[in-house]
Amino acid sequence: MGKTKDSGEEERPQWDNKVQYLLTCIGFAVGLGNVWRFPYLCQIYGGGAFLIPYLIALVFVGLPLLYLELAIGQRLRKGSIGVWNSISPMLGGLGVASMVVSFLVGIFYNTILAWVLWYFFHSFQNPLPWSQCPLNENLTGYNVECEKSTPSNYFWYRVTLNVTPDIEMSGSLQWWMVICLASAWCIVYICFIKGIQSIGKAVYVTATFPYLVLTIFLIRALTLPGASDGLTYLFTPDWEVLKNPQVWLDAATQIFFSLSIAFGGLIAFSSYNGEKNNCERDALVVGIINSATSLYASISIFAILGFKATTGFNKCLQENILDLTNHFEFSDQNITLENYDHWFEYLNQTSPDQVASLQLRHCDLQTFLDESASGTGLAFIVFAEAVVEMPGSQIWALLFFVMLFSLGLSSMFGNIEGVLTPIHDLNLVPKWIPNELVTAITCLVAFLTALIFTLASGNYWVEVFNTYVGSVPLLIIAFFELIGVIYVRGMKTFSEDIEFMTGKKPNIFWKACWMVISPLMLLGVLIAYVVTQAQKHPTYFAWNPEYELFPATEVKPYPDWVFAIIILLTVLPVISIPVVFVYKLIVHLKKRSSTRAQLSPYSNDGFEVETQEQGKQRA
Amino acid sequence: MLEKTFFLLCLSSALGNELCTPGASDGYKVRLSINTALGEEAYPWNPNEMFLFRASLAFAMRNHIAGQIFEVSNIVVCDETPRVSFWFVVTSPLNPSELVNKGNVEEAVRKSRNRINSAFLLSDNTLEFVGIPPTLAAPVSPDTPPWLIVFGVVMGAVGAGIVAVLVLSVVQKKRKKSRKTEDEDTEVEIRPKAMENGDGVYNPSFTDEEPITQM
């Protein structure tokens, strides 16, 4: 069991050791986005050149904000609501906003984990179910939808999601998804049962296992053909992209969301630390490891994707070779992959019309490499296809999906902690209800809310939540966090806090970032983000088998009621900031009209200043 | 006698040659990709292999059309290329100048496809009958989908874990409570002893420590 503090505070739990704390923070920061968002951004934004805006954003926005959250949580020793209430009661809305965002993000994030579990359960089959098309009803051919697209597309969209062609058609609850979602929430619950005692044990596995798997994949991928093509493609810098402002915006948002700032989870985790912990070093460690993991993951992923592109290219060539061999009646295996080009030139010269009549597909490795994907498309379609081509595909599939699950689970810990700690700190539940029951009720409520994502149109809703809840509200909260700590609490007080905790005041770099650079950059990113989003009517990609260009996804605009929900989702978390501010202001003004007490965190209602009239009245 | 048989054989083969032409309406084109299938262990294609093919096709015809005895001579082959590919037609054993129709040949090949493939160590893809698609293997669907089994195992373990942890914590709380009441009991025991000294509240800072701390 953890050590408890002395009777000064009511037994705040503590980390068993520093390693657990660091691993939990790293696990929270390192999530699915490091594996499936960063490599994609690297690829479309000119490879190595993307690292420049990324690292600049890390140093000037990411690390200062991370340091700030860890420091304030450790100093004030409360969850997100308690911390902001301590700094100033008018800022209490920040904590509520963090809590709401954590809850909303937690419910759709766990749905993604439910999908990962589904694929994990199916990785025990031989052959893998997404490697071949099922037969149609009268067993004369393959299923039409599967034939037109690919087996892995079919398995993802039809078998797993059973997706409707439109977000308006909700369909029904998919029972298999419901039970996968239930298992995902049960696994989260069992890790959370004992609070940070159980999380601290769980992160030994969930935070370190992904690195092991990434290494195994890297070693395996480097022995497969085509890995080097993938890596050169990923890292070849295209310096022109630096002129595009969208790149800078994406780099800043990627760093910001990747570090999981403004969820309140980091504040909660650091509040369980001892008082004299060096949080500056912790912040640097977590931030640097997060970015290093993104880079490392992209190397592994792209080695595998290079292999996949080469396999696709070779298949294309083999089809052409077969056509040529059959038509010209050459001996089998006369034309091989190596001498295909020679033969093609020769045949084109000698009998061009015959070659033209065969309508050979033009095979270009670059086109295969360009088939980029991010998010669920990368994990469940592209990577699943790649795994099928590797010898021993069950093992690789298992490893991959367990890695995704542990990456997501450790991030879920931070999300749920951002919900549970404020509930605990606000004393919302009476003391006689044990913590285990509160956690169970929270998980149950979250599970029931997340059932929307198990509808047939659930995938579209996850996209809605992912794009709109996990973006603008977080930027707003982070901006107000900076203002709250640096300007309301005061740079001087905060420097003294840090001196108390680490033994020295923060140096000029941190001060400059906190006071000027980071707020400006955050504001710039926020405005730019809102402007780019507002310029076009939001659209989504629908999987519609009736579409003419099927298997390409159809681009559809969101209907108005969904648009209203989007606005609601963006506004709901942050509405508490002005609401609480105004409410406390009114209360303060009412008090001020009766007494002269100042609204400061040190005001103690027991010692009201008597006015002369009150003194006369008593006498 | 011998000359008659010889003459008939020549006649039948001559007739057969006229019946078999590339693109014949009752004929099929066959393509073998031995190198692709077997790589290093590929055998060379020679007249013996061709004989085996004709024999296995005669076997397939015998299996399909009961009663008629097809011989190797009933399978006529032509237009052999280095690919290895050729055309074949099947003549009826009752009348050597008549061809067995396409549908029957297709059925026969379909039925015995596996046997023909195995004779040549090839598969449906590498021993291709152009125009006869391979029958797709029915998917193996076990009664309990395997993923449900894995799900059951995982959920069982998680559920057992939750129950175990909850029970443990309840037991520990009970133990703490009983220990607390034990401490209270022992405290209550000590107090009466001290009260013997006189009425009033027991103040441990003024105990008679002299025997212990004698100068």
Less than 4.5 Å to any heavy atom of chain B: does that hold for the side chain of A/F330, its backbone, both, or neither?
backbone
Side chain, backbone, both or neither: which part of A/F328 has a heavy atom under 4.5 Å from chain B?
neither
What part of B/V154 gets within 4.5 angstrom of chain A, counting heavy atoms only: side chain, backbone, both, or neither?
side chain
Any salt bridge linking A/D16 with A/K201? Criterion: basic side-chain nitrogen under 4.0 Å from a carboxylate oxygen.
yes
Charged N to carboxylate O below 4.0 Å: is that the case for B/E71 and B/R54?
no
Highest number of heavy-atom pairs under 4.5 Å with chain A among B/V84, B/L166, B/I149 belongs to B/L166
Heavy-atom pairs under 4.5 Å with chain B, option from A/I179, A/N334, A/T325 with the top count:
A/I179
Indicate the atoms forming the closest heavy-atom contact of B/K102 with B/G27, along with that distance.
NZ-O, 3.8 Å
Please classify the contact between A/I193 and chain B as side chain, backbone, both or neither, with a heavy-atom cut-off of under 4.5 Å.
side chain
Take B/E107 and B/K111, measure what salt bridge (Lys or Arg N to Asp or Glu O under 4.0 Å) needs, and give me the verdict at the end.
CA-CA 6 Å; B/E107 292 261 347; B/K111 271 190 186 169; 5.5 Å; no
I'd like to know which of A/E436, A/Q125, A/E329 tops the heavy-atom pair count under 4.5 Å against chain B.
A/E329
With only heavy atoms counted, which part of B/I34 is less than 4.5 Å from chain A, the side chain, the backbone, both or neither?
backbone
Looking at OG1 of B/T126 and CG of B/L38, how far apart are the two atoms once the value is rounded to the nearest 0.5 Å?
7.5 Å
Test disulfide (SG to SG under 2.5 Å) applied to A/C186 and A/C443, step by step
CA-CA 8 Å; A/C186 283; A/C443 287; over 6 Å; no
If you apply the rule side-chain hydrogen bond (donor to acceptor under 3.5 Å, both in side chains), what do you find for A/Y154 with A/E147, and how did you get there?
CA-CA 9 Å; A/Y154 178 77; A/E147 279 274 280; over 6 Å; no
Measure distances from A/W176 to the heavy atoms of chain B and classify the residue's part below 4.5 Å as side chain, backbone, both or neither.
both
Interchain contact, B/T36 with chain A, by part (heavy-atom threshold 4.5 Å)
both
